[in-house]
J.: 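Before I ask anything, let me first share the structure, which is written out below as structure tokens.
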Amino acid sequence: MARYWLMKTEPGVVGIDDVLAMPKKTVDWWGVRNYQARNFMRDQMQVGDGVLFYHSSCPEPGIAGLAEVASTAYPDRTQFDPKSAYHDPKSTPEQPRWVNVDVRIVKKTRLVGLDELRAHPELANMRVLQRGNRLSITPVDPAEWNFIVERLIKGRK
DNA sequence: GCCAACGTTGGC
DNA sequence: GCCAACGTTGGC
């Protein structure tokens with residue numbers, strides 16, 4: 001059964017326009033260094049799962065588009081690169097610690113900002129709206145996904 | 001720049 | 001295994 005996720009990225013590093021410019025509009029979701037987020041990718045994500053592509057740490061935080069999981073998890077290339085800020089000296093190709101999936105943009109949408117998300121009681125339980133939330137990948141309820149896609153994206157302007 | 005939240009580290 | 005200190009995230 002398909003699942004739904006919200007995945008955060010900093011548009012100053014890799015934003016939705018950067019991914020649209022890539023071959024197949026697909027990016028490897030490198031750089032996750034949190035075990036809970038890693039485990040979501042490793043243990044639960046399946047090709048075709050829905051993704052809310054979220055911009056964070058930027059002037060306009062919010063959902064910037066719809067995407068989908070385009071691969072199962074495989075080792076994150078940056079963990080082996082000594083020059084990368086994401087290098088993990090304790091990780092080896094034989095026993096990689098960090099993985100990522102590929103994410104493909106389905107469509108860029110208008111920016112659905114945090115304030116707008118907060119305005120709807122139907123979305124009040126979303127992890128991304130909770131105070132102090134830091135987890136970069138969070139599951140999204142089917143009802144929340146449907147509300148956002150049907151009411152906030154397709155249903156408006 | 002502030003600070004809440006929380007994951008990670010390391011001494012014991 | 002505990003837990004204080006430290007580091008990071010991310011909205012404001």
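Since the structure is predicted, the reported quantities are computational estimates derived from the model, not experimental observations. Letters go in sequence order (proteins before strands), and every chain restarts at 1.
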J.: Passes salt bridge (charged side-chain N to carboxylate O under 4.0 Å, His left out), A:D76 versus A:R38? Steps please.
T.: CA-CA 10 Å; A:D76 178 334; A:R38 179 203 67 181; over 6 Å; no

J.: Can you list the residues that meet the salt bridge (charged side-chain N to carboxylate O under 4.0 Å, His left out) rule with A:E68, with sequence neighbours excluded?
T.: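 Counting only residues at least two positions away or on another chain, A:E68 forms a salt bridge (charged side-chain N to carboxylate O under 4.0 Å, His left out) with A:R104.
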
J.: What is the distance, rounded to the nearest whole Å, between atom CG of A:L6 and atom C1' of C:dG10?
T.: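 After rounding, the gap between these two atoms is 13 Å.
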
J.: Run the side-chain donor-acceptor check on residues 7-27 of chain A: report pairs under 3.5 Å with partners two or more places apart or on a different chain.
T.:
residue	atom	partner	partner atom	Å
A:K8	NZ	A:L135	O	3.4
A:T9	OG1	A:V14	O	2.7
A:D17	OD1	A:K108	NZ	2.8
A:D17	OD2	A:K108	NZ	3.4
A:D18	OD2	A:G15	N	2.8
A:T26	OG1	A:K24	O	2.6

J.: To which residues is A:W98 joined in a hydrophobic cluster, defined by side-chain heavy-atom contacts under 4.5 Å among Ile, Leu, Val, Met, Phe, Trp and Tyr, whether direct or through other members?
T.: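 Cluster partners of A:W98: A:Y35.
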
J.: What is the distance from CE of A:M126 to P of C:dG11, rounded to the nearest Å?
T.: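 That distance rounds to 13 Å.
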
J.: Once each nucleotide of nucleotides 2-8 of chain B is scored for protein heavy atoms under 4.0 Å, what B/S/- sequence comes out, 5' to 3'?
T.: --SBBSS

J.: Who passes side chain to side chain donor-acceptor pair (under 3.5 Å) against A:R42, sequence neighbours left out?
T.: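 A:R42 satisfies side chain to side chain donor-acceptor pair (under 3.5 Å) with A:N39 once adjacent residues are dropped.
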
J.: So, does A:K8 get its side chain near the phosphate of C:dT9, meaning an N or O under 4.0 Å from OP1 or OP2?
T.: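 Answer is no, no contact under 4.0 Å.
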
J.: Keeping to residues at least two apart or across chains, list the ring-ring contact (aromatic ring centres under 6.0 Å, His included) pairs with something in residues 54-76 of chain A.
T.: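 Checked against ring-ring contact (aromatic ring centres under 6.0 Å, His included) - neighbours excluded - the pairs reaching residues 54-76 of chain A are A:F53-A:H55.
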
J.: Rounded to the nearest angstrom, tell me the gap between atom CE in A:M7 and atom C1' in C:dT9.
T.: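 After rounding, the gap between these two atoms is 17 Å.
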
J.: Quick one: list whatever passes side-chain contact (heavy atoms from CB on, under 4.5 Å) with A:K90, sequence neighbours left out.
T.: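 For A:K90 the side-chain contact (heavy atoms from CB on, under 4.5 Å) partners, ignoring immediate neighbours, are A:D88, A:R97.
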
J.: In residues 51-63 of chain A, which ones come under 4.0 Å of DNA chain C, going by heavy atoms?
T.: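 A:Y54, A:S56, A:S57, A:P61, in order of number.
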
J.: Distance-only check: which donor-acceptor pairs under 3.5 Å involve side-chain atoms of residues 138-147 of chain A, not counting sequence neighbours?
T.:
residue	atom	partner	partner atom	Å
A:E144	OE1	A:D141	N	3.0
A:N146	ND2	A:P142	O	3.3

